[in-house]
Amino acid sequence: MDSSYVPGEIERKWQERWEATRLYQVKDDDPRPKRYELTMFPYPSGDLHIGHWYAMAPSDAHARYMRMRGFNVLHPMGFDAFGLPAENAAIKRGIHPYVWTMDNIQRMRGQLRSMGSMYDWSREVVACLPEYYKWTQWFFLKFYQSGLAYKAKAPVNWCPSCQTVLANEQVLPDGTCERCGTTATHKEMEQWFFRITRYAEELLNYDGLEWSERLRTIQTNWIGKSVGAEISFRLEREVSGVKDLKVFTTRPDTVFGVTFVVVAPEHPIVPHLTTPERQAEVAEYVSNTRQLTDIQRQSTEKEKTGVFTGSYVVNQLNGDRVPIWISDYVLVSYGTGVVMGVPAHDARDFEFAKKYGLEIKVVIAPPDWPGDELEAAYIGPGRMVNSGQFNGLDNEQGFEAICESMEKNGAGKRTISYRIRDWLVSRQRYWGAPIPIVYCEHCGIVPVPEEKLPVLLPPDAEFKPTGESPLKGVASFVSTTCPRCGHPAQRETDTMDTFMCSNWYYLRYTSPGYDKGPFAPEKVKKWMPVDLYTGGIEHAVLHLLYSRFFIKALRDMGLVEFGEPFIRMYNQGLIIRGKHKMSKSRGNVVAPDQYVSQFGADTVRAYLMFIGPWDQGGDWNDSGLAGVNRWLARVWNLVDSGYRSTTVDAASEARIRRATHKTIKRVTQDLDAFRFNTMIARLMELTNELGEVQRAGNISGGEWKSAVECLLLMMAPSAPHLAEELWEKQGGDYSVHNQRWPEWEEELTREDEITMVVQVNGKLRDRISVSQSVSEGEAREMALSSARVRQYVDGKQIRRVIYVPGKLINVVV
RNA sequence: GCCGGGGUGGCGAAAUGGCAGACGCGGCGGACUUAAAAUCCGCUUCCCGCAAGGGAGUGUGGGUUCAAGUCCCUCCCCCGGCACCA
């Protein structure tokens with residue numbers, strides 16, 4: 001043995017050489033077919049932790065594999081550099097967000113390089129630099145011009161800790177802020193919104209996308225499409241010019257069963273509907289409702305409450321006069337904020353009617369219904385009764401017939417309702433792209449002209465979280481002149497949600513230095529869409545949904561020619577530690593650096609791939625690192641200690657050739673399916689076989705060399721430094737990463753001697769060795785003549801013999 | 001409550017309806033060494049047995065099948081999504 005495996009030395013050596021020779025620089029005019037493989041860019045929080053490596057090492061291996069498969073692979077990296085932690089650091093430690101962020105980026109670049117990844121750093125994108133956010137602002141203007149950005153006063157989510165508004169998507173199901181975990185509250189504020197709702201229907205279509213069902217379901221649920229009808233109920237007495245109440249329902253077929261109408265307590269019409277004698281009671285109920293948190297209010301355990309307003313509406317389909325109630329089970333933000341109460345056919349309405357003694361009128365007969373009172377709401381299908389001219393129809397036909405009839409007489413119309421709301425994009429924080437808008441006394445809202453971009457963040461803001469943007473306090477920033485009329489005017493002081501930055505960074509990678517627009521159209525045309533995108537599923541209704549919307553909008557503006565940014569999406573799992581997600585604030589972050597210095601980057605990379613299925617994640621445990629390191633050292637010794645052939649025999653040569661080809665096949669298939677864990681296992685197996693051969697010396701030097709070469713080529717994506725070093729030692733051309741991925745021959749993967757399992761009544765009794773080409777008769781005879789089988793068969797009648805070619809024989813007695 | 005995903009050795013995990021536990025960790029034994037570390041070799045699901053061998057076994061209970069971790073049904077547990085959305 002000449003030397004031992006010292007990863008630190010070879011990793012530094014090759015990282016320098018790769019950089020010096022620009023090995024990973026991607027050329028736009030490369031004739032090979034393009035392939036865009038992207039990993040979500042990280043937030044520069046300070047240090048790369050093991051979770052980052054878990055996201056990046058396997059995706060880097062896959063990109064390297066595709067490169068060896070003959071693709072011109074674009075695999076870039078950058079930094080999602082705007083965001084709150086930078087500002088919090090400024091508040092806490094007096095460091096300017098810019099300095100804090102850029103320092104972190106500098107450190108993380110080094111850590112990313114130490115991973116041995118193939119990122120083309122000449123394409124790096126940093127979202128907080130003016131050369132980048134200039135274009136983020138430019139997109140804002142495009143959205144504004146297209147009518148997709150608007151300012152409106154609306155009830156919004158507010159995080160009291162972050163001191164800013166949040167998009168609906170940033171509030172977790174339990175009502176807390178997704179960033180800091182504080183319970184969000186509501187405020188009525190004038191804010192900027194993007195009209196994602198305009199694309200709700202199209203966003204439900206995933207044709208041509210290879211996304212997991214899980215991910216699609218999350219988005220589909222979030223969009224929340226309901227098909228139904230909007231129905232007008234005429235107010236018995238007109239209030240402040242309003243003649244009717246509109247409701248949204250998915251069950252227009254039950255409209256004859258309406259016995260009350262319920263309005264959301266905070267609906268603006270409520271005071272007008274309330275009769276004088278009910279005023280006190282209603283006011284009290286409304287104020288109680290406002291004090292409930294969303295979680296309290298939406299708890300399904302909570303008993304229904306409500307009060308009568310004193311007013312009535314008339315059901316235009318049957319002339320029924322029904323009371324108007326208010327109740328907190330009706331949400332002002334969904335549908336029209338008014339619900340028709342059909343207690344016989346809706347569980348919630350049933351509960352409400354029971355409690356307040358309201359009539360329960362059956363209009364869809366359950367099967368075999370004797371006509372008595374219902375014990376519970378009947379939701380299922382049935383024949384229509386008590387429904388005038390529609391009696392006798394089954395309810396599905398009734399749905400259509402009633403809609404048609406209502407559309408004729410104007411009482412209602414078919415409509416579709418979505419749960420998704422427009423995206424709130426403004427934030428009351430400093431470290432983001434300023435919204436490029438000016439407010440002028442004469443001209444109103446005026447967009448900053450394109451040629452005046454970027455609107456630079458002033459460096460000298462005061463970072464106290466006051467609930468208003470720190471930019472508000474920077475007089476030199478705020479006061480400006482109106483771009484339209486030249487009079488004194490004021491700038492918008494809110495900044496954009498950082499998800500706006502990540503909406504388009506993948507476009508920028510295609511032409512990072514371009515200064516005539518956010519991207520060079522021909523480069524985007526060449527590289528987009530992204531063929532493979534990998535990242536965490538926690539972005540399902542955030543970045544991944546926003547980006548789809550963003551690209552569809554750009555397409556409709558004529559800026560791009562495709563409607564989906566990411567063709568194949570793969571969500572890796574989460575590395576946790578002690579039940580919790582790794583986070584700086586929790587203090588459970590595991591740094592890879594110590595492991596890299598102890599075992600080398602190749603070991604850490606391969607170990608992260610080896611620990612289990614990539615989509616599964618798991619609790620961090622470093623006990624297996626040594627095993628993977630041992631494997632790499634064995635591979636090192638395989639090459640480094642040389643091979644001496646002694647007694648060459650054909651069977652051994654055939655065996656190692658078969659093992660090699662089988663491994664190529666399995667490893668290739670595993671990589672195609674992101675099964676990194678079994679890929680590593682297969683490579684270990686081949687290594688073990690080669691170890692035996694090396695000790696025995698029973699194959700020729702030529703066979704040895706070609707098997708070892710295949711092993712190194714297959715290891716190049718996972719352990720790029722080791723493979724490169726050993727490839728060179730073997731006399732291979734620079735670089736192993738420019739070599740073609742090996743191919744297998746199906747013929748060579750086949751065994752000629754196979755072990756056949758012999759079962760008696762399904763229990764394993766013996767194994768026999770037979771030739772690949774054995775006939776059923778021969779195999780059967782061999783099986784039945786085995787002493788161990790006869791022990792169980794003799795004296796019994798053979799009823800059946802099952803023969804599975806190449807696998808087993810099962811004798812049934 | 002509804003919809004996904006999952007439950008396999010001491011641990012991380014493998015397994016087109018056809019040898020359960022590949023690969024690795026850990027453990028045990030051996031070689032090398034004065035010794036240890038490192039390395040290499042062997043064993044390692046559990047139970048009975050000196051052994052040969054036998055029996056049991058993939059959350060639970062049932063079913064289909066010559067054959068079930070894998071398919072079907074029941075129930076339990078864990079993770080994720082949705083949940084008063086009319």
Side-chain angles (χ1 to χ4, degrees), chain A residues 1 4 173 212-222 224-226 228-229 247-251 254 262 264 297-302 304 327-331 333-342 345-349 351-352 417-420 537-538 540-541 573-574 576 579 606-607 610-613 615-628 630-631 633-634 637 666 675 677-688 691-692 695 755-767 788 791 799-813:
Chain A
M1 198 178 295
S4 54
S212 68
E213 166 160 5
R214 178 175 172 217
L215 179 54
R216 295 196 318 258
T217 305
I218 293 173
Q219 290 200 348
T220 300
N221 284 343
W222 184 257
K225 178 181 181 175
S226 298
V247 306
F248 173 75
T249 178
T250 55
R251 294 295 302 274
T254 64
V262 195
R297 176 167 172 176
Q298 289 179 20
S299 159
T300 41
E301 265 105 80
K302 177 174 157 284
K304 301 233 173 324
S327 172
D328 61 10
Y329 81 86
V330 176
L331 307 174
S333 58
Y334 183 77
T336 60
V338 187
V339 160
M340 65 183 205
V342 187
H345 306 294
D346 181 281
R348 298 152 298 183
D349 298 345
E351 195 192 327
F352 193 73
S417 187
Y418 299 92
R419 205 187 70 123
I420 191 174
I537 201 158
E538 67 274 14
V541 296
L574 193 65
I576 56 169
K579 282 241 170 216
Y607 178 63
F610 184 61
I611 47 177
D615 59 2
Q616 197 176 288
D619 212 345
W620 173 251
N621 179 347
D622 58 15
S623 66
L625 270 163
V628 172
R630 277 199 280 270
W631 167 52
R634 279 204 304 277
N637 292 335
R666 289 293 306 271
R675 290 189 298 251
N677 57 330
T678 49
M679 169 196 72
I680 299 287
R682 303 282 88 95
L683 293 172
M684 286 173 170
E685 280 175 322
L686 183 59
T687 305
N688 293 345
E692 278 174 45
R695 280 192 296 280
T755 302
M756 193 164 258
V757 169
V758 185
Q759 297 179 331
V760 177
N761 287 347
K763 279 192 197 252
L764 173 72
R765 293 303 178 192
D766 201 4
R767 298 182 171 92
R788 302 172 41 115
Q791 197 185 327
R799 302 165 69 110
R800 237 175 114 180
V801 177
I802 315 276
Y803 174 70
V804 183
K807 286 263 165 65
L808 77 122
I809 292 172
N810 187 8
V811 182
V812 186
V813 295

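Fair warning: this is a prediction, and the values are worked out from it, not measured in the lab. The figures that follow rest on heavy atoms only: side chains count, while hydrogens, waters and symmetry mates do not.
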What's the spacing between [X] [atom1] and [Y] [atom2] if we round to 0.5 Å?
X      : Y      : atom1 : atom2 : answer
A/R214 : A/Q219 : CZ    : CD    : 12.5 Å
A/I680 : A/I611 : CD1   : CD1   : 11.5 Å
A/H345 : A/T254 : NE2   : OG1   : 6.5 Å

Determine the interatomic distance between [atom1] on [N] and the same-named atom on [M]; round to the nearest Å.
N     : M     : atom1 : value
B/C75 : B/A68 : P     : 24 Å
B/C25 : B/C78 : C1'   : 24 Å
B/A56 : B/G21 : C1'   : 15 Å
B/C28 : B/C82 : P     : 48 Å
B/U8  : B/A14 : C1'   : 10 Å
B/G57 : B/A20 : P     : 12 Å
B/G59 : B/G7  : C1'   : 6 Å
B/U70 : B/A15 : P     : 15 Å

Rounding to an integer number of Å, can you tell me how far [X] [atom1] sits from [N] [atom2]?
X      : N     : atom1 : atom2 : result
A/Y334 : B/C82 : OH    : C1'   : 13 Å
A/I537 : B/C82 : CD1   : P     : 11 Å
A/N688 : B/C40 : CG    : C1'   : 12 Å
A/L625 : B/G24 : CG    : C1'   : 12 Å
A/R695 : B/U39 : CZ    : P     : 14 Å
A/D328 : B/C84 : CG    : P     : 12 Å
A/D766 : B/G54 : CG    : P     : 10 Å

A/Y607: what forms a ring pair (Phe, Tyr, Trp, His ring centres under 6.0 Å) with it, not counting sequence neighbours?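 In terms of ring pair (Phe, Tyr, Trp, His ring centres under 6.0 Å), with neighbours along the sequence ignored, A/Y607 is linked to A/W620.
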Before giving the answer on side-chain contact (heavy atoms from CB on, under 4.5 Å), spell out for A/V247 and A/V338 the whole-Å C-alpha distance, their side-chain angles and the decisive distance to 0.1 Å. CA-CA 5 Å; A/V247 306; A/V338 187; 3.6 Å; yes
Sugar-phosphate, base or nothing in reach of [X], heavy atoms under 4.0 Å:
X      : result
A/G224 : nothing
A/D615 : nothing
A/V247 : nothing

Report yes if a side-chain nitrogen or oxygen of [X] is closer than 4.0 Å to either non-bridging phosphate oxygen (OP1 or OP2) of [N]; otherwise report no.
X      : N     : answer
A/K763 : B/A56 : yes
A/S417 : B/A86 : no
A/R634 : B/G24 : yes
A/R630 : B/C23 : no

Which atom names give the shortest non-hydrogen contact between [X] and [Y], and what distance separates them?
X      : Y      : result
A/M756 : A/L808 : CG-CA, 3.8 Å
A/W631 : A/A606 : CZ3-CB, 4.3 Å
A/V330 : A/G337 : CG1-O, 3.4 Å

Listed nucleotide nearest any side-chain atom of [X], set [options]:
X      : options             : answer
A/M684 : B/C19, B/C23, B/A86 : B/C23
A/R765 : B/G54, B/A86, B/C84 : B/G54
A/L764 : B/A22, B/C19, B/A86 : B/C19
A/L331 : B/A86, B/C19, B/A22 : B/A86

Begin from the C-alpha positions of A/R634 and A/N688 and carry the test side-chain contact (heavy atoms from CB on, under 4.5 Å) through to its verdict. CA-CA 9 Å; A/R634 279 204 304 277; A/N688 293 345; 3.4 Å; yes
Paired nucleotide for [N] [Watson-Crick or G-U wobble; both distances under 3.5 Å]:
N     : value
B/G26 : B/U44
B/C2  : B/G81
B/U8  : none

How does each nucleotide of nucleotides 63-68 of chain B score, in 5' to 3' order, for protein heavy atoms under 4.0 Å: base (B), sugar-phosphate only (S), or none (-)? ---BS-
Any chance you could list the contact pattern along nucleotides 2-7 of chain B? Use B for base contacts, S for sugar-phosphate-only contacts and - for none, protein heavy atoms under 4.0 Å, 5' to 3'. ------
Show me the protein contacts with nucleotides 10-14 of chain B, counting only N or O atoms at under 3.5 Å.
residue, atom, partner, partner atom, Å
B/G12, O2', A/I611, O, 2.6
B/A13, OP1, A/Q616, NE2, 2.6
B/A14, OP1, A/N677, ND2, 2.7

For A/N677, side chain to side chain donor-acceptor pair (under 3.5 Å) partners two or more places apart: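 Side chain to side chain donor-acceptor pair (under 3.5 Å) list for A/N677, sorted by chain: empty.
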Checking understanding here: a glycosidic angle within 90° of 0 is syn, the rest anti, so what is B/G9? syn
For A/N761 and A/V812: C-alpha separation, side-chain torsions, deciding distance, then whether side-chain contact (heavy atoms from CB on, under 4.5 Å) applies. CA-CA 5 Å; A/N761 287 347; A/V812 186; 3.7 Å; yes
RNA chain B: A/R675 or A/E692, which has the more 5' nearest nucleotide?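 So the residue in question is A/R675.
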Taking the six-membered ring of A/Y329 as reference, does the cationic atom of A/K304 (NZ for Lys, CZ for Arg) lie under 6.0 Å from its centre and within 45° of its axis? yes
Could you list the residues that satisfy salt bridge (Lys or Arg N to Asp or Glu O under 4.0 Å) with A/D349, not counting sequence neighbours? none
Closer than 4.0 angstrom, basic N to acidic O: yes or no for A/R216 and A/E213? no
